Protein chains: 2
Amino acid sequence: MVIAEFDNDSTFNPDDFLRNVSVDNVIFGYHDKELRVLLQLPLTFDKWTLTGGYIKRTETIEEAAHRIAYSRTGLNNLFLQQFRSFGTPTRISYNQFDLEKVNKLIGAEATANAWMFDYFVSVGFYTLTEFSLVEVKKGGYDEVCKWWPINELPSLIFDHQHIIDEALRALRMHISFFPIGYELLPEKFTLPEIHSLYETILGKSLDYRNFQKRLIATGILIKLNETRSIGAHRSPFLYKFDVAKYEEGLKSGVALAF
Amino acid sequence: MVIAEFDNDSTFNPDDFLRNVSVDNVIFGYHDKELRVLLQLPLTFDKWTLTGGYIKRTETIEEAAHRIAYSRTGLNNLFLQQFRSFGTPTRISYNQFDLEKVNKLIGAEATANAWMFDYFVSVGFYTLTEFSLVEVKKGGYDEVCKWWPINELPSLIFDHQHIIDEALRALRMHISFFPIGYELLPEKFTLPEIHSLYETILGKSLDYRNFQKRLIATGILIKLNETRSIGAHRSPFLYKFDVAKYEEGLKSGVALAF
DNA sequence: TGAATAGTGTCTTTAAGACAGTATATC
DNA sequence: GATATACTGTCTTAAAGACACTATTCA
């Protein structure tokens, strides 16, 4: 629930958007055994927020989620997954806004019943991407937009901490039934790399031998006849995804009960 | 997305409700090996709809779902489960309304941009109840409200068939991980009864011996020293739920991979 | 040759799935 | 005793989980 739309549209008009519904994206980023979330610090708050926004009258909620994600990451083929909606009259609280800053932005005196302080039901989406390659673009009304390690999140506005918790729960459930990694790993990757990926997302260690057995058994991996040189150590073999089987797994599920 | 609120409130004022968000309840009913859905035929359509409604500015989306479910079933302790939200600009289509009837109801000429024809994002909830004991109450603006067998649904308005399909998918996934039956079976029930319940909901047959083994293994059942007389047949034993373990299972899940 | 990482195999336990004959209640 | 339903047990197979040693790279 933020004013991301202002960014590319200087003639922002609330009437072009749905009232009382918004989208919040929980964008998880993975890199080098670390899981982060993309958060922004709007000028109108002194707390961080998810990258969210309003829904245009001409677009679906999924399109809105993609547009908002694109506006921050420049990525337009993210696998955005709806996981829950959040609706409580008190979730958006008037007094968490910095009214002085709001007034300056609006160029007028904001009253307590201004549309932006209204009760918004937020539809939550999450996604997962490789964050080291993403060029984060802050919105015109944000001070900063950056990746925060999942275990060291700053103080968040409204119920955004709760939304992140729920998104992480959904993500962790999701990866027991569907393959992940295609957007997160280089085209050719090693088993230790994908092993670390799963461990990081699940937040627990997985026996490497059993992990390998199960992952191979899904049939989504193709072992290559190349190795990666990693210094004074044995060189691990490279693998790539069998894209057809990976896609198939995304649809009908894959047995990986972690 | 219907005008259920009119029912108990003759002074219905759209300003008391959120714009552009609604709730749709998929109320599944079970009785005697049959699964049904509660649908209503509003005066303003010639197609059937889910029992849905708008969200008051003073209530959470969950409270709205409960209020709406109560208004049709008289039940107020339903286990309503949010499963997805639906938002497409075209999902509510103006020309599926019977304008003549709408005008008569409103007492004025409805224009194409009236609030009720607007783009509504609908938050979907489902629940499951024993339908033979429910006294269905139709809304003041409905012609009928009744249970339809899941396999013989009438023609539904908007995307309501799709919402039902998604709800059923969620329900079937749900019962592989969580116990069901407490609200659906009499306090004392037999194994063949709960077996039929699972078969009906899943829409497939389950080997009785394996089913029993797994269900007993969950520990949520208590075998009683009584039997039920069912005529010229062997009398099955009665069971009841171990409520504490059942509740526990609702929280942390139960292994029942069907 | 030592340090760090990659790779591999077996055993045990548990669960899933297929399958058929005996027991009981009433007419 | 005929009929309809309830009840029970075993075998096979597959998957999960625990566990420890060998192989490779290069400084």
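The model shown is predicted, which means the values in this text are computed figures rather than measured ones. We name chains A, B, ... by the order of the sequence lines, and we start the count at 1 in each one.
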Are the charged groups of B/R84 and B/E166 less than 4.0 angstrom apart, N to O? yes
Comparing A/A257 and B/L238 on DNA chain D - which has the more 5′ nearest nucleotide: B/L238
Do A/T60 and B/T88 get their side chains close enough for a donor-acceptor pair, meaning under 3.5 Å? no
Non-neighbouring partners of B/R209 that pass side chain to side chain donor-acceptor pair (under 3.5 Å), sequence neighbours left out: B/D207
Can you tell if the side chain of A/H195 reaches within under 4.5 Å of the side chain of A/Q212, non-hydrogen atoms only? no
Heavy atoms within less than 4.0 Å of DNA chain D: which residues of residues 190-208 of chain B have one? Give them sorted by number. B/P192, B/Y208
What verdict does the ring pair (Phe, Tyr, Trp, His ring centres under 6.0 Å) test give for A/Y246 and A/Y182, after you've listed the backbone C-alpha separation in whole Å, the side-chain angles of each residue and the deciding distance to 0.1 Å? CA-CA 8 Å; A/Y246 187 95; A/Y182 190 66; 5.5 Å; yes
Ignoring hydrogens, what is the shortest heavy-atom contact between B/I220 and B/P179? Give both atom names and the distance. CD1-CB, 3.7 Å
With a 4.0 Å cut-off on heavy atoms, is A/R214 in touch with a base, just the backbone sugar-phosphate, or nothing at all? sugar-phosphate
Residues within residues 220-227 of chain A bordering DNA chain D, heavy-atom distance below 4.0 Å: none
For residues A/D24 and A/S122, is any side-chain donor paired with an opposing acceptor at under 3.5 Å? yes
Starting at the 5' end of DNA chain C, which residue's closest nucleotide do you reach first, B/A255 or B/S235? B/A255
Quickly, which of A/F28, A/F131, A/Y30 forms a ring pair (Phe, Tyr, Trp, His ring centres under 6.0 Å) with A/W147? Name it, please. A/F131
Range on DNA chain D touched by chain A - first to last nucleotide, heavy-atom distance under 4.0 Å: D/dA16 to D/dC26
Side chain of A/R228, backbone of A/K188: donor and acceptor closer than 3.5 Å? yes
Over 60° means perpendicular and under 30° means parallel, so tell me whether A/F83 and A/Y126 are parallel, tilted or perpendicular. tilted
For A/E59, which residues count as a side chain to side chain donor-acceptor pair (under 3.5 Å) partner, sequence neighbours excluded? A/R67
First and last nucleotide of DNA chain C touching chain A, 5' to 3', heavy-atom cut-off 4.0 Å? C/dA3 to C/dT10
With no hydrogens and no angle check, is any side-chain donor or acceptor of B/E248 less than 3.5 Å from a backbone partner on B/K245? no
Both B/I230 and A/G231 contact DNA chain D. Which one's nearest nucleotide lies toward the 5' end? B/I230
Going by an N to O cut-off under 4.0 Å, is there a salt bridge joining A/E34 and A/R36? yes
